[in-house]
There are 2 protein chains.
Amino acid sequence: MDKKYDALKLENQLCFPLYAAAREVVKRYHPYLDELDITYTQYITMMVMWEEKEITVKALGEKLFLDSGTMTPVLKSLEAKGYVTRKRSTTDERSVSVFLTDSGEALKEKAVDIPAKVAGCVGLDGEEALQLYRLLYKVLNTEK
Amino acid sequence: MDKKYDALKLENQLCFPLYAAAREVVKRYHPYLDELDITYTQYITMMVMWEEKEITVKALGEKLFLDSGTMTPVLKSLEAKGYVTRKRSTTDERSVSVFLTDSGEALKEKAVDIPAKVAGCVGLDGEEALQLYRLLYKVLNTEK
DNA sequence: CTCAATTTAATTGAGTTCAACTAATTATAG
DNA sequence: CTATAATTAGTTGAACTCAATTAAATTGAG
């Protein structure tokens, strides 16, 4: 009958399984990303680069929900691996543009099987996965 | 028609919104946790302590899906703040037990309003929140 | 019993994340 | 034009996360 503290129980949290599931699923990528010698953050950054070819640091950060404190070291690391180059814009010298290199483009070929390999690890059927997808984007979009 | 690389598009990922939403929601706790001078990881650790009063580091890590490399510094920090104590078990000296202090118990009173304050930030109604909860635990439990 | 395997915490190192701050550049109000 | 505000990357410092390793203690096979 003493329900005063029920809201503080771990099992009653929505945030906690979100936080835990995110870490668990990212871990599933590790063995496959290790083969490419990139991390998960580098992987999602490359996903954007494969689609955009060229993009500013700011736009990249907005797509990934990450700020420059995170993006800068990730981009420096990808640049060191030869997958992207960075160049300060000539039209607006405050902004820096990131460019996909040929080597970065070639990496896509080695990554193409990763989504299928990881898909099975989530443990949801197609309908459930779609539901989860929609709910997560609803959370992401109502945040602000 | 060239769908070969569609699976590598950010918008087709399930993992990415999971990862991004988790970080966004954890951020929502920040202003409230700042008032208690604890971090999110320390907060969920205290949630377990408020329920258990005493628990081993291993059991704590299993509940939170975190390993000793994460738990040890979190517990040392909570110990420094006076909310828990740590003592190596006398019956099995490999294991360390964590104990809730009176000060830690008192902190519960200051935290009791946090879940309600944060609940509104998720942007889901009751039914959606329950769906998301179930799907996340399904992911968590099928992992292994 | 004895020694190899297992269990448990802790440590280390690399990478991530974010808040706060800085420096440089650009935009804008007056 | 000029001073102020806003924008953009980058840096710094604190905390988190995890893989890999270490050290100590316990368990179990023979």
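To find a chain, count down the sequence lines: A is the first, B the second, and so on, and within it residues start at 1.
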Review point. Side chain of B:Q13, backbone of B:A7: donor and acceptor closer than 3.5 Å?
Key: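 Side chain of B:Q13 to backbone of B:A7, a donor-acceptor pair under 3.5 Å: yes, one is there.
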Is any side-chain N of the basic residue among [X] and [Y] closer than 4.0 Å to the acidic one's carboxylate O?
{"X": "B:R88", "Y": "B:E93", "answer": "no"}
{"X": "B:K138", "Y": "A:E128", "answer": "yes"}
{"X": "A:E109", "Y": "B:K4", "answer": "yes"}

Point to revise | Same apolar cluster: A:M46 and B:Y5, side chain cutoff 4.5 Å | key: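 A:M46 clusters together with B:Y5.
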Check the phosphate of [N] against [X], side-chain N and O only, distance under 4.0 Å to OP1 or OP2. Yes or no?
{"X": "A:K58", "N": "D:dT7", "value": "no"}
{"X": "A:T41", "N": "C:dT17", "value": "yes"}
{"X": "B:T39", "N": "D:dC16", "value": "yes"}
{"X": "B:R88", "N": "C:dA9", "value": "no"}
{"X": "A:Y19", "N": "D:dT17", "value": "yes"}

Please report, rounded to the nearest Å, how far the [atom2] atom of [N] is from the [atom1] atom of [X].
{"X": "A:D37", "N": "C:dA14", "atom1": "CG", "atom2": "P", "answer": "14 Å"}
{"X": "B:R23", "N": "D:dT17", "atom1": "CZ", "atom2": "C1'", "answer": "14 Å"}
{"X": "B:D92", "N": "C:dT6", "atom1": "CG", "atom2": "P", "answer": "17 Å"}
{"X": "B:E93", "N": "C:dA10", "atom1": "CD", "atom2": "P", "answer": "13 Å"}
{"X": "B:D34", "N": "D:dA15", "atom1": "CG", "atom2": "C1'", "answer": "13 Å"}
{"X": "B:Y29", "N": "D:dC16", "atom1": "OH", "atom2": "P", "answer": "16 Å"}
{"X": "B:L33", "N": "D:dC16", "atom1": "CG", "atom2": "C1'", "answer": "14 Å"}

Check your understanding: What does A:T91 touch in the nucleic acid at a heavy-atom separation under 4.0 angstrom: a base, only the sugar-phosphate, or nothing?
Key ->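 Sugar-phosphate, no base atom in range.
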**Study point:** Of residues 62-86 of chain A, the positions that come close to DNA chain D - non-hydrogen atoms, cut-off under 4.0 Å
**Key:**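 Going residue by residue through residues 62-86 of chain A, the ones with a heavy atom under 4.0 Å of DNA chain D turn out to be A:S68, A:G69, A:T72, A:K76, A:R86.
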Practice item. Using both distances under 3.5 Å as the test, list the Watson-Crick or G-U wobble partner of D:dA14, or none. Key: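 Across any shown strand, D:dA14 pairs with C:dT17.
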**Study point:** Upstream residue (5' side of DNA chain D) when A:S95 and B:R94 are each assigned their closest nucleotide
**Key:**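 Going by which nucleotide is closer to the 5' end, it is A:S95.
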Residues 57-70 of chain B side chain polar contacts: donor-acceptor under 3.5 Å, at least two apart:
residue, atom, partner, partner atom, Å
B:K58, NZ, B:E62, OE2, 3.2
B:D67, OD1, B:G69, N, 3.1
B:D67, OD1, B:T70, N, 3.2

Exercise for review: Kindly indicate whether the side chain of A:L136, heavy atoms from C-beta on, has any atom under 4.5 Å from the side chain of B:L132.
Suggested key: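 Counting from C-beta outward, A:L136 and B:L132 do come under 4.5 Å.
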